[in-house]
Amino acid sequence: MVEFLGWLTLGIGVGLVYGILALGIVLVFKGTKIINFAHPFMGLVTAFFAWWLTDRAAFLPFEQGTRPRFFVAAVLSLAVIGLNGYTLERSIFHKLRHTSRLTQLVATIAVGSGLLGLMVLLFQRGEAANENRRLPTLITWSFDIGNVTVTPAYIQIFLVVPVIAVGFYLFFQKTKFGIGVRASAENPDAARLLGISADRVSQFSWVTGSLLAGLAALLIVPISSLDVSSLSTGFLVRALAATLVGGLLSLPGAIVGGLVIGIVETMIKWQSSTPGLAELGIFAVVLGFLIFRPGGIFGKPEEVNDEAAFVPAVKQMPRRLRTHPVAPWFGRFWSVTVVLFLLGLSQVVGSATNGILIRVIAFAIVGVSLTVLMGFSGQISLGHWALAGVGAFATGNLITNLHWPFVLTVPAVVIIGVALSLLLGIPALRIKGLYLAVVTLGFALACEVYLFKGSFIAGATTGITVDGPQLGPLDLDDINGRGLFPFALACLLASIWVARNLAETRTGRAFFAARENERAAMVLGIDLRVYRLIAFAVSGGIAALGGMVFALNEGLISSANFATSTSLVLISMVVIGGLGSVEGAVLGAFVIWGLPELLHFANGWIVEIGTGVLLIIVITRAPAGLAGLLGWAKQEMVEDLVDASEREQVADGRSVPASS
């Protein structure tokens with residue numbers, strides 16, 4: 001019993017940190033209706049900056065590494081991150097206030113990606129990546145509960161977080177501006193009529209939320225250590241879990257939700273040392289709450305129509321050009337030309353270049369699957385790379401361990417992807433939009449740290465070897481990749497064919513109707529539940545196929561190949577390419593994954609910063625993405641060909657069809 005109380009105390013301490021981290025997310029959401037996926041990365045910036053000021057900077061008073069120096073560093077780092085929050089609100093999110101929630105969510109992912117890349121660039125390159133960084137505590141004493149030691153870091157949390165919580169309670173209950181922030185969250189229009197500035201509320205929310213993220217990071221780092229992995233995706237999942245368990249609009253609920261997540265995590269670690277089991281438990285808790293109590297402990301399920309309004313269809317060519325015989329001929333000509341060029345290229349380049357191109361194809365296939373789910377049906381998934389991982393490990397197990405014939409392995413992998421996606425899509429029958437995004441993100445983290453490290457599924461941490469078989473004239477295990485490339489390209493073309501044909505069917509039209517307006521779709525008799533499951537199933541099968549191509553190319557796969565952060569990059573990839581276009585998925589994959597490696601600057605920080613910058617540019621300047629630019633170029637060329645054809649007809653004395 002005493003040992004239980006000791007571990008419970010540690011769980012409460014960790015939960016309080018998750019609580020104030022979630023409090024920042026709730027505050028930003030109440031003030032702006034944006035779920036800030038960059039939130040923990042602001043804490044990451046704060047912690048690294050505080051460490052540098054404490055241990056490295058030469059211009060501050062007091063001796064380096066001492067507690068007085070840390071106190072000054074903490075104040076300065078919090079001031080910097082608060083200014084960063086204000087700058088982000090003014091420069092980016094103020095301009096996105098009237099855009100869709102998906103637009104805003106993707107923008108926060110872009111900011112998070114940029115901040116993560118910046119920290120890797122500044123602090124975790126080369127030998128610095130292995131440096132053991134810690135932050136001191138302002139408390140020096142500790143005590144024991146049985147054989148459990150409550151360290152100064154935990155005592156510091158117990159002293160600081162309640163003060164913060166009480167301060168927030170008094171602010172929102174007793175001050176005029178605090179009451180105004182609450183009123184703005186409940187009814188923005190009524191608050192505006194009462195003279196409450198939406199701009200001031202938004203600025204306050206972003207600045208205060210950033211400060212809370214920074215404070216949470218400064219409190220959690222002394223418990224473990226400071227590195228990118230500890231304060232990035234895992235920190236984000238825990239914060240979102242606490243937010244949804246407590247209630248998306250409830251400030252007290254954020255603290256309570258944090259306590260629930262912290263206690264669950266700590267108790268699982270007490271009972272089992274199995275890596276990743278705590279993350280699996282968190283995923284189960286979140287899934288249970290969202291299915292049986294979607295509003296969380298203190299909240300109510302938010303009634304929103306979460307359509308993917310960010311999906312701007314690539315502008316169609318004028319009818320005069322679309323109906324002219326030149327247009328389909330032009331499209332087929334360029335498609336065949338590109339395919340033949342790529343096939344020829346793969347036969348003359350070396351193994352390194354072919355490996356890069358096949359990897360791009362694998363990501364492009366997964367991008368096509370995301371286009372079906374998000375671009376066509378409007379469902380948000382932040383865990384699609386985990387579905388590709390399922391396909392990859394299924395391939396490895398069927399080929400290496402069970403020795404299945406390859407002709408049976410391919411459809412089996414697709415079926416496995418479909419089946420798992422249907423299970424993952426079941427929550428979509430009750431939850432949607434941002435809630436569903438959190439579930440899929442939690443699924444991806446649970447796969448990365450637990451399922452993909454299990455000996456049964458993934459051969460433990462060593463991974464599984466995947467030897468490509470002989471497929472007719474194609475040797476899929478050829479070291480030069482000249483046999484695998486045509487197979488990978490065929491899988492991509494098949495995925496594009498499925499997606500395009502699906503879009504032309506009744507099912508595709510139902511997807512689009514539900515995406516644009518769910519209520520109107522229901523009035524038309526469209527069963528949203530059925531079509532959501534169909535979207536998940538088709539998308540999951542295609543994603544698993546992409547995972548198969550990835551596994552065959554890598555040869556050895558492990559959990560390290562399927563980081564949760566990659567799922568977020570995939571979102572960026574399809575948006576940069578053009579979310580509503582299957583061609584956009586291919587273009588995005590080449591720009592994000594292909595160009596950096598082909599040009600030999602594929603450092604993680606370059607990809608992360610570059611992806612963030614590109615994503616912000618697309619969101620604010622070119623919503624249709626690269627596919628929109630490609631469509632414009634195609635229209636210009638088709639128009640020139642059509643004009644030339646019509647001039648030739650006039651010269652020959654033939655009639656020209658009237659323009660529509």
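All residue numbers refer to positions in the sequence shown, counting from 1.
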My understanding is that only residues two or more places apart in sequence, or in another chain, count here; which of them pass ring pair (Phe, Tyr, Trp, His ring centres under 6.0 Å) with Phe511? none
To the nearest 0.5 Å, what is the distance between CG (Leu484) and CG (Asn354)? 8.5 Å
Could you work out, with salt bridge (Lys or Arg N to Asp or Glu O under 4.0 Å) as the rule, every residue matching Lys269, not counting sequence neighbours? Glu265
Is it the case that atom CG in Leu423 sees more than 12 heavy atoms from other parts of the structure closer than 6.0 Å? yes
Point-to-point distance, once rounded to the nearest 0.5 Å, from CG of Leu587 to CE of Met573: 10.5 Å
Walk me through it: do Leu357 and Leu489 pass the test side-chain contact (heavy atoms from CB on, under 4.5 Å)? CA-CA 10 Å; Leu357 293 176; Leu489 186 60; over 6 Å; no
Should the pair Trp593 and Phe363 be assigned to parallel (<30°), tilted (30 to 60°) or perpendicular (>60°) ring geometry? parallel
Taking the side chain as every heavy atom from C-beta outward, state whether Met267 and Leu8 have any pair of such atoms under 4.5 Å apart. yes
Gln379 (side chain) donor-acceptor with Ala535 (main chain) under 3.5 angstrom: no
Do the non-hydrogen side-chain atoms of Met374 and Arg515 ever get within less than 4.5 Å of each other? no
Taking all non-hydrogen atoms of both residues into account, name the closest pair between Ser250 and Gly246 and its distance. CB-O, 4.1 Å
Could you tell me how the ring of Phe48 sits relative to the ring of Phe123: parallel (under 30°), tilted (30 to 60°) or perpendicular (over 60°)? parallel
Does the side chain of Thr564 come within less than 4.5 Å of Leu236's, by heavy atoms? no
Hey, does Ile220 have a side-chain heavy atom less than 4.5 Å from the side chain of Phe235? yes
Could you tell me if the side chain of Ile255 sits less than 4.5 Å from the side chain of Ile20, heavy atoms only? yes
May I ask you to decide if Gly463's main-chain N or O and Ser558's side chain share a donor-acceptor pair within less than 3.5 Å? no
State the CD1-OG distance between Ile571 and Ser381, to the nearest 0.5 angstrom. 6.5 Å
Hey, mind stepping through Leu568 and Trp385 against side-chain contact (heavy atoms from CB on, under 4.5 Å) and telling me if it holds? CA-CA 9 Å; Leu568 300 181; Trp385 190 234; over 6 Å; no
Phe283 side chain near Leu445 side chain, heavy-atom distance below 4.5 Å: no
Does any N or O in the side chain of Thr371 come within less than 3.5 Å of the main-chain N or O of Gly367, such that one atom is a donor and the other an acceptor? yes
Please answer whether the main-chain N or O of Asp467 pairs with a side-chain N or O of Asp477 as donor and acceptor at a distance below 3.5 Å. no
Do Phe562 and Phe550 have ring centroids that are under 6.0 Å from one another? yes
Atom pair CD1 (Ile457) and OG (Ser559), whose distance is rounded to the nearest 0.5 Å: 12.0 Å
Would a 4.5 Å heavy-atom cut-off, applied to side chains only, mark Ile35 and Leu248 as touching? yes
Around Trp404, counting heavy atoms of other residues, nucleotides and ligands shown, do more than 12 lie under 6.0 Å from its CH2? no
For Val413, the option from Asn397, Thr395, Val418, Ile399 that meets side-chain contact (heavy atoms from CB on, under 4.5 Å): Thr395
Do Val360 and Glu597 make a side-chain contact, defined as non-hydrogen atoms from C-beta onward lying under 4.5 Å apart? no
Knowing that exactly one of Leu492, Ile361, Ile358, Leu552 qualifies, which makes a side-chain contact (heavy atoms from CB on, under 4.5 Å) with Phe487? Leu552
